[in-house]
Student: 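Before anything else, here's the structure in question.
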Amino acid sequence: MRYWLMKSEPASFSLDTLKACPKKTTMWDGVRNYQARNFLRDEFERGDLAFFYHSSCEEPGIVGIVEVVKEAYPDPTALDPENHHYDPREKAEAPRWFVVDVKLKRALKRTIGLAELKTHEALAGMRLLATGNRLSVMPVSAEEWRYILALE
DNA sequence: GCCAACGTTGGC
DNA sequence: GCCAACGTTGGC
C-alpha cells in the first residue's frame with residue numbers, strides 16, 4: 001500500500017464538496033497530465049491513502065485524507081463534449097485518460113500549509129516542494145506521510 | 001494579476 | 001528529433 005498527494009482547487013472542488021458527496025466518495029476526474037495519469041492508471045491500488053491538498057487558494061496546504069476505493073477506469077469526462085475536461089482525441093476503445101474513486105477518510109484538525117511544510121528540513125525532498133512542480137497527483141513516501149501527520 | 005516553470009504542440 | 005511558441009499551473 002502506498003501514499004499519495006492529490007491536488008484540487010477548492011474553488012472548483014474542495015474538502016467540503018467531498019464531504020457533501022454521497023458516501024463521501026467521488027470520481028477523481030479531469031487529470032490531463034501523462035505523468036499524473038500514469039500514477040493513477042498504473043500504481044494506485046485499493047486501500048492506498050492520499051493527502052487531499054488545496055491549491056490556488058488563500059492557504060494552499062493539506063486539508064484531509066482520502067482512501068482509494070476503486071482503481072483506475074476510463075475518465076468519462078474526456079468523452080463528454082459538454083464537460084470542461086473534454087478531450088476531442090479521446091477514444092472509448094482506447095482510453096487515454098483515467099480516474100480512480102476516492103473516499104474521504106477524515107478532515108485534518110487543521111490545514112497543514114505549504115508554507116509550514118517548507119520550513120521542515122525533513123520534508124526538503126518532497127516532490128510537492130520541488131521548484132516548478134505542477135503535478136496534480138504525486139507519491140508521498142511513508143516517512144513523509146508519518147512526519148506530516150505528526151505535525152497535525 | 002504577475003510570472004516562473006514546465007508540458008505539449010507542431011513546423012521543419 | 002529538435003526546439004520555439006504557446007498554454008497551463010500555481011504560489012505569491
Side-chain angles (χ1 to χ4, degrees), chain A residues 2-21 26-44 48-68 71-102 104-141 143-152:
Chain A
R2 297 186 62 185
Y3 298 102
W4 306 96
L5 182 143
M6 305 172 87
K7 293 181 184 172
S8 182
E9 298 188 17
S12 53
F13 193 96
S14 71
L15 184 71
D16 285 339
T17 318
L18 179 54
K19 267 184 197 165
C21 289
T26 192
M27 179 177 77
W28 199 272
D29 62 19
V31 171
R32 296 291 179 269
N33 166 284
Y34 289 104
Q35 219 180 331
R37 187 280 310 268
N38 292 346
F39 285 135
L40 285 181
R41 186 189 60 185
D42 306 333
E43 302 195 37
F44 269 56
D48 284 359
L49 297 177
F51 285 134
F52 188 112
Y53 179 91
H54 278 172
S55 68
S56 292
C57 57
E58 200 167 324
E59 195 190 7
I62 297 165
V63 295
I65 296 173
V66 298
E67 178 179 350
V68 177
E71 293 178 12
Y73 58 101
D75 186 342
T77 68
L79 290 169
D80 175 8
E82 302 297 306
N83 193 283
H84 176 240
H85 297 297
Y86 176 61
D87 181 350
R89 302 165 302 177
E90 183 76 353
K91 301 259 189 297
E93 64 277 14
R96 176 190 306 249
W97 303 119
F98 288 80
V99 296
V100 296
D101 287 355
V102 297
L104 179 65
K105 208 157 153 59
R106 67 178 180 89
L108 295 193
K109 298 185 201 95
R110 64 181 186 91
T111 299
I112 301 177
L114 177 63
E116 178 180 352
L117 294 173
K118 284 179 176 170
T119 66
H120 291 272
E121 189 62 34
L123 300 176
M126 263 191 99
R127 199 120 177 207
L128 178 72
L129 304 182
T131 19
N133 169 61
R134 289 165 28 184
L135 266 187
S136 62
V137 173
M138 71 186 85
V140 172
S141 76
E143 292 73 23
E144 290 160 354
W145 181 272
R146 276 194 300 271
Y147 187 93
I148 291 167
L149 281 183
L151 299 175
E152 188 186 8

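If you're wondering where the values come from, they're calculated on a predicted model, not measured in any experiment. First the proteins, then the strands, lettered A, B, ... as listed; each starts at 1.
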Student: Rounded to whole Å, how long is the line connecting atom CG of A:Leu135 with atom C1' of B:dG7?
Tutor: 10 Å
Student: So does A:Leu135 get a backbone contact from the side chain of A:Lys7, meaning a donor-acceptor N/O pair under 3.5 Å?
Tutor: yes
Student: Whole-Å distance between C:dT8 P and A:His84 NE2?
Tutor: 8 Å
Student: Can you check the A:Gln35 CD to C:dT9 C1' distance for me, whole Å?
Tutor: 14 Å
Student: C:dG11 P sits how many Å from A:Leu128 CG, rounded?
Tutor: 8 Å
Student: Nearest-Å distance, CZ (A:Arg96) to C1' (B:dG7)?
Tutor: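 About 14 Å, once rounded to whole Å.
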Student: Determine the minimum heavy-atom distance between A:Lys105 and A:Glu67, stating which atoms define it.
Tutor: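 Answer, listing the atom of A:Lys105 first, then A:Glu67: CD-OE1, 4.1 Å.
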Student: Starting at atom CD of A:Glu58, determine the distance to atom C1' of C:dG11, rounded to an integer number of angstrom.
Tutor: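 Between C1' of C:dG11 and CD of A:Glu58: 13 Å.
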Student: Look at the side chain of A:His84 and the backbone N and O of A:Gly30, then say whether any donor-acceptor pair between them is shorter than 3.5 Å.
Tutor: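 Answer holds: no.
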Student: For A:Arg89 and B:dG7, what is the distance between atoms CZ and C1' respectively, to the nearest whole Å?
Tutor: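 Atom-to-atom, A:Arg89 to B:dG7, this comes out as 12 Å.
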Student: When you check the gap from the basic side-chain N to the acidic O, do A:Asp75 and A:Arg32 get nearer than 4.0 Å?
Tutor: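 Here A:Asp75 pairs with A:Arg32 in a salt bridge, since their nearest N and O are under 4.0 Å apart.
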Student: Rounded to the nearest Å, what distance is computed from the OH atom of residue A:Tyr34 to the C1' atom of nucleotide B:dT8?
Tutor: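 It works out to 9 Å between those atoms.
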Student: Does a side-chain N or O of A:Lys7 approach OP1 or OP2 of C:dT9 to a distance below 4.0 Å, or not?
Tutor: no
